[in-house]
Amino acid sequence: MIYFDNSATTKIDPRVVEAMLPFLYEEYGNPSSKYYSLATHAKDAVEEARGNVAKLFNCDLDEVVFTSGSTESNNMILKGILETYGGVNPSLAVSKAEHSSVLEVAAYLEQRGATVNYMEVDANGAVQGDTFTAALEQQPTLISMLWGNNETGALNDVGSLAKKCVERGIFFHTDATQVVGKLDTRMLDRSIRFLSLSAHKFHGPKGIGAAIIRKDDLGIKTKISPLLHGGGQESNYRSGTLSVHNIVGFGKAAEIVLLEQEQTQQTLMELEAYLREQLMVVLPKVVKFNGDTREKIPGIVNVQFRGANNEMLIKKLSDQFALSTGSACSSSKPSHVLQSMGLSVNEVRQSVRISLSKSNTKAEIDQLCQILSSK
Ligand code: PMP
């Protein structure tokens with residue numbers, strides 16, 4: 001099996017598994033317990049992991065809130081901000097190309113009375129400056145926008161867009177799930193006040209991630225109403241006994257990202273260029289790429305095979321290759337992302353996502369191209 005579905009999830013790194021194992025066996029203490037060594041070891045391990053996650057974003061340790069992953073972080077942030085700061089007229093702007101864990105929350109909030117502006121995206125899946133300016137003028141409580149799109153890799157210039165939000169007193173959240181590990185995510189200031197990520201997208205374990213909730217410029221904690229109430233863990237943002245082994249794995253995966261980021265980015269760029277080139281060599285009349293090749297996450301390629309049906313194609317290849325038609329979280333529906341970029345339903349139905357990891361090889365790409373050219 002050749003795995004080309006790394007935007008859905010990635011293979012766990014053996015160094016991550018090794019770091020986790022002691023916390024599944026002998027180090028089983030609850031980090032919220034006190035005094036005895038099993039508890040303090042667990043707490044120390046959690047704090048060390050928190051430090052590594054904080055380094056990914058250049059943020060403080062108490063700005064990292066462990067959650068079960070980006071779905072939970074997105075829910076917590078969108079619902080929490082609107083409930084805390086929305087007042088009598090809560091309002092929100094999101095792009096039409098967001099992941100379902102943002103779009104479905106927006107729809108839920110809309111049903112409960114919030115005003116939601118669904119921002120149009122361009123042919124690459126990114127929000128254009130004038131669309132963003134129009135959204136700012138409506139002065140919403142929050143703007144939430146993907147850093148990089150999970151289906152096409154399209155990037156939004158979140159750093160500068162977030163600054164515009166700050167100037168107007170609007171909160172900015174970005175879903176950074178797909179960019180971590182592939183691009184430098186260190187943030188220079190606090191304009192991106194909220195951010196979501198999941199460890200399993202960069203060779204960490206599943207079911208663990210974080211919400212980055214930054215303090216204000218005076219260093220005062222940003223309050224939002226929690227999604228889960230209970231024992232007050234994670235500074236009251238997210239109650240529940242911490243999943244220590246998962247957090248340790250998350251921390252290790254973050255540490256590896258920091259050590260290997262440049263190399264990973266380089267490898268992904270080379271593999272992507274090779275894949276695009278070879279597809280054009282073997283199927284010049286059939287292949288059409290969706291979106292731009294420039295401002296994007298390296299390693300995500302969304303491609304139309306003219307005349308093919310994407311479901312049938314990936315099913316036919318599934319003995320040998322793991323491919324997808326788009327997000328695993330909305331895999332039963334034709335991609336809303338590609339539709340928002342202006343593709344027809346027919347074009348969407350012939351589109352396949354090939355998402356690479358640093359451990360894929362050119363030989364694997366050759367095998368895929370060979371099979372595709374024979375179909
Ligand atoms: N946002 C984006 C952009 C994603 O790609 C995903 C995972 N497909 C999520 C959010 C949700 O992540 P998780 O399933 O780990 O909660």
Side-chain angles (χ1 to χ4, degrees), residues 3-12 16 53 56 65-79 94-108 119 121 124-127 143-156 158 173-183 185 192 194-212 227-228 238 240 243 246-247 249-250 253-254 257 268 291 296-302 322-333 335-338 340-341 353-357:
Y3 190 73
F4 285 137
D5 199 13
N6 288 281
S7 288
T9 196
T10 56
K11 184 176 177 182
I12 197 163
V16 169
V53 175
L56 284 176
V65 179
F66 289 119
T67 65
S68 63
S70 293
T71 299
E72 183 185 329
S73 300
N74 289 342
N75 271 264
M76 166 169 133
I77 291 165
L78 268 62
K79 291 178 186 170
V94 297
S95 89
K96 285 192 171 172
E98 294 302 304
H99 186 262
S100 52
S101 58
V102 164
L103 284 178
E104 292 297 324
V105 182
Y108 167 83
M119 292 178 284
V121 296
N124 294 319
V127 175
I143 297 186
S144 175
M145 197 189 284
L146 274 166
W147 191 324
N149 191 282
N150 47 304
E151 295 191 30
T152 63
L155 290 173
N156 285 307
V158 289
H173 163 248
T174 190
D175 178 348
T177 312
Q178 294 287 341
V179 292
V180 179
K182 298 172 204 143
L183 293 174
T185 49
I192 299 180
F194 302 90
L195 181 148
S196 308
L197 74 152
S198 274
H200 70 102
K201 304 289 185 181
F202 51 96
H203 308 283
K206 295 173 183 56
I208 188 73
I212 305 298
L227 199 58
L228 304 179
R238 203 276 189 182
S243 179
N246 270 334
I247 291 172
F250 182 14
V257 163
L268 288 173
K296 66 181 292 298
I297 304 171
I300 302 179
V301 175
N302 202 303
L323 295 161
S324 73
T325 56
S327 171
C329 302
S330 334
S331 62
S332 55
K333 299 179 236 155
S335 160
H336 69 277
V337 172
L338 297 181
S340 71
M341 288 163 57
R353 179 181 70 182
I354 307 171
S355 49
L356 308 167
S357 86

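Just so you know, these numbers come straight off a predicted model, no measurement behind them. Order of listing sets the numbers, starting from 1, for every ligand and every atom in it. Residues: numbered from 1 along the sequence shown.
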Point to revise | D175: numbered ligand 1 atoms lying under 4.0 Å from its heavy atoms | key: 1 (N), 2 (C), 3 (C), 10 (C)
Check your understanding: Backbone, side chain, both or neither: what part of N149 comes under 4.0 angstrom of ligand 1, heavy atoms only?
Key -> neither
Exercise for review: Might you work through the side chain to side chain donor-acceptor pair (under 3.5 Å) test for D5 and S324, ending with a clear yes or no?
Suggested key: CA-CA 6 Å; D5 199 13; S324 73; 3.3 Å; yes
Check your understanding: Looking only at distance, does S101 have an N or O less than 3.5 Å from an N or O of ligand 1?
Key -> no
Check your understanding: Going by heavy atoms, is K201 under 4.0 Å from ligand 1?
Key -> yes
Practice item. Please say whether Q178 places an N or O atom under 3.5 Å from an N or O atom belonging to ligand 1. Key: yes
Review point. Does the N or O separation between E72 and ligand 1 drop below 3.5 Å for any pair?
Key: no
Practice item. Taking the side chain as every heavy atom from C-beta outward, state whether I300 and E151 have any pair of such atoms under 4.5 Å apart. Key: no
Revision key, fill the gap. Residues L268 and S357: closest non-hydrogen pair is CD2-C, 3.6 Å
Practice item. Could you tell me which residues satisfy salt bridge (Lys or Arg N to Asp or Glu O under 4.0 Å) with E104, sequence neighbours excluded, listed by chain and number? Key: none
Exercise for review: State if G209 counts as touching ligand 1 under the rule of any non-hydrogen atom under 4.0 Å.
Suggested key: no
Check your understanding: Taking non-hydrogen atoms only, is S70 closer than 4.0 angstrom to ligand 1 via side chain, backbone, both or neither?
Key -> both
Practice item. Answer side chain, backbone, both or neither: which part of T177 comes under 4.0 Å from ligand 1, heavy atoms only. Key: side chain
Exercise for review: Would you indicate whether the side-chain heavy atoms of L155 and I297 approach each other to under 4.5 Å?
Suggested key: yes
Practice item. From the options A176, G207, S198, S68, select the one whose nearest heavy atom is closest to atom 13 (P) of ligand 1. Key: S198
**Study point:** Aromatic ring pairing F250/F202, orientation class (parallel under 30°, perpendicular over 60°, tilted between)
**Key:** tilted
Point to revise | Residues forming a salt bridge (Lys or Arg N to Asp or Glu O under 4.0 Å) with K182, sequence neighbours excluded | key: none
**Study point:** Result of checking D175, N74, T71, T67 against S196 for side chain to side chain donor-acceptor pair (under 3.5 Å)
**Key:** N74
Study note, to complete from the structure: Numbered in order shown, the ligand 1 atoms found under 4.0 Å of a heavy atom of L146 are 3 (C)
Study note, to complete from the structure: Within the 4.0 Å heavy-atom cut-off, what H200 brings close to ligand 1 is side chain
